[in-house]
Amino acid sequence: MRTFRFFPLLMASMLVGCHSTKNVGKGDDVLSSVSVVGGTETKSPVTEAGTVFVNKVLANRTEVSNLTSKVKVNVLSGSKKISTSGTLRMRRGDVIQISLLDPLLGVTEVGRLEFSPKKVVLIDRINKQYVDDTYDNIDFLRKANIDFNALQAMFWNELFVPGQAMPQAKDFQVGSPQGKEIVLNFTDKILKYSFHALEEDASLRKTEITGVQSNAYSFDFDYSDFKLFNGKDFPRGIMLTFLSSGKKMSLSFQLNTPNTNSNWEAHSKLPSGKYTKITAERFFNMITNL
């Protein structure tokens, strides 16, 4: 039973978190202590110090095309905790691929998630079904303004601006130091994106997505255990957490010695035969009944 439930539960933590931002109420204001123009709000003029710091964060980008790593995966949902192992593979501008193994034996692949610039593929080998659809046809991804560029930046521990391939310093609002961190913000009409970077070395430690007018919904990426990877510090620990209508779910990855191996198939072959193609909506309706 644990194996049956694991893959849908993982899907929920990966994607339903994006859905949490589509319905926002009234309440929160955009952060006020800012010094750089960003998003749709007009703030104080860009400052030299703010520009310098954002450029330092941008410069921490790991300049490699491929990342491959074995990973330990933990899913936390309420009182439920499920652990397994798998492989994370990423190729810039092309794909984010996560292969998951049977949590009991850790040998057989039970599921695969694949995000490419034009579509999302989910393969559930336990229940012999799959999703193959575009971002625009997946309602909650579209409304949350989550596309491939945003997902890629979050997995690569980078700043991003929705709809842009490469962000610039002028895109962000730069807050006053909060303890050891400086928070960079980008705000559109619906969502607020906050990037927490250490003042000391400009390393990105957390990315938050929340509703502009409500704190009842959030989608966070936390980064930890930074170690050198191809000459730059890169997090070995990545945790996704989302909160929606009082329900909280977390998904953590612990990378084990990432490398730049490029000898792998970037795009999965869609299953056939006994597999059934289903819509993303049907898949998530199944999740809500677990």
Side-chain angles (χ1 to χ4, degrees), residues 2-19 64-73 75 82-142 146-156 165 238 240 251 253 255-287 290:
R2 290 182 60 193
T3 302
F4 173 81
R5 289 174 177 267
F6 176 78
F7 187 67
L9 188 59
L10 179 61
M11 296 295 102
S13 58
M14 286 293 297
L15 296 177
V16 174
C18 304
H19 177 62
V64 298
S65 297
N66 291 274
L67 182 151
T68 299
S69 180
K70 297 296 183 182
V71 291
K72 294 292 184 181
V73 184
V75 181
I82 303 176
S83 302
T84 191
S85 59
T87 303
L88 170 66
R89 301 181 182 92
M90 301 192 291
R91 182 166 295 162
R92 282 195 182 275
D94 192 12
V95 71
I96 301 165
Q97 188 182 94
I98 303 167
S99 175
L100 300 167
L101 301 179
D102 181 343
L104 298 179
L105 301 177
V107 176
T108 304
E109 183 181 79
V110 295
R112 180 168 292 206
L113 303 82
E114 192 168 285
F115 304 95
S116 58
K118 293 185 178 180
K119 68 177 185 177
V120 176
V121 172
L122 316 175
I123 303 175
D124 178 358
R125 302 198 188 283
I126 298 298
N127 301 296
K128 296 191 179 301
Q129 58 191 12
Y130 70 98
V131 175
D132 175 24
D133 217 335
T134 65
Y135 291 85
D136 285 343
N137 285 335
I138 300 177
D139 184 65
F140 51 82
L141 287 179
R142 182 181 70 253
I146 297 293
D147 60 7
F148 176 76
N149 286 333
L151 286 172
Q152 176 172 254
M154 288 187 279
F155 272 98
W156 282 95
I238 301 175
L240 296 70
L251 165 68
F253 293 96
L255 281 66
N256 178 23
T257 316
N259 60 73
T260 59
N261 174 39
S262 60
N263 186 26
W264 47 276
E265 196 71 32
H267 299 284
S268 303
K269 183 179 296 185
L270 293 176
S272 57
K274 296 181 179 180
Y275 279 77
T276 302
K277 181 179 179 180
I278 62 174
T279 65
E281 286 71 22
R282 178 181 171 186
F283 185 87
F284 293 112
N285 284 335
M286 293 170 57
I287 289 173
L290 287 180

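A donor-acceptor pair under 3.5 Å is absent between the side-chain atoms of Gln97 and the main chain of Arg112, judged by distance alone. When atom types are taken as modelled, the side chain of Asn127 and the backbone of Gln129 share no donor-acceptor pair closer than 3.5 angstrom. Checking side-chain atoms of Ser69 against main-chain N and O of Asn256 turns up a donor-acceptor pair under 3.5 Å. Put simply, the side chain of Glu114 gets close to the backbone of Ser268: a donor and an acceptor are under 3.5 Å apart.
Looking only at side-chain heavy atoms (C-beta outward), Asp133 and Val120 stay at 4.5 Å or farther from each other.
Note that CG of Leu100 and CG of Leu113 are 6.0 Å apart. Values are rounded to the nearest 0.5 Å. Thr108 contributes atom OG1, which lies 10.5 Å from atom CZ of Arg125 (distance to the nearest 0.5 angstrom). To the nearest 0.5 Å, atoms OG1 (Thr68) and CZ (Arg89) are separated by 6.5 Å. Atoms CG and CD1, on Leu251 and Ile82 in that order, are 11.5 Å from each other to the nearest 0.5 Å. In this structure, CH2 in Trp156 is found 4.5 Å from CE in Met90, a value given to the nearest 0.5 Å. Separating the OG1 atom in Thr276 from the NZ atom in Lys274 is a distance of 11.5 Å, to the nearest 0.5 Å.
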Determine whether Trp264 and Asn66 satisfy the following criterion, side chain to side chain contact (heavy atoms under 4.5 Å, CB included), listing intermediate values before the conclusion.
CA-CA 10 Å; Trp264 47 276; Asn66 291 274; 3.6 Å; yes
Go through Ile238 and Leu240 one step at a time and tell me if the side chain to side chain contact (heavy atoms under 4.5 Å, CB included) criterion holds.
CA-CA 7 Å; Ile238 301 175; Leu240 296 70; 4.3 Å; yes
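The only member of Asp136, Asp132, Thr134 that meets side-chain hydrogen bond (donor to acceptor under 3.5 Å, both in side chains) when paired with Lys119 is Asp132.
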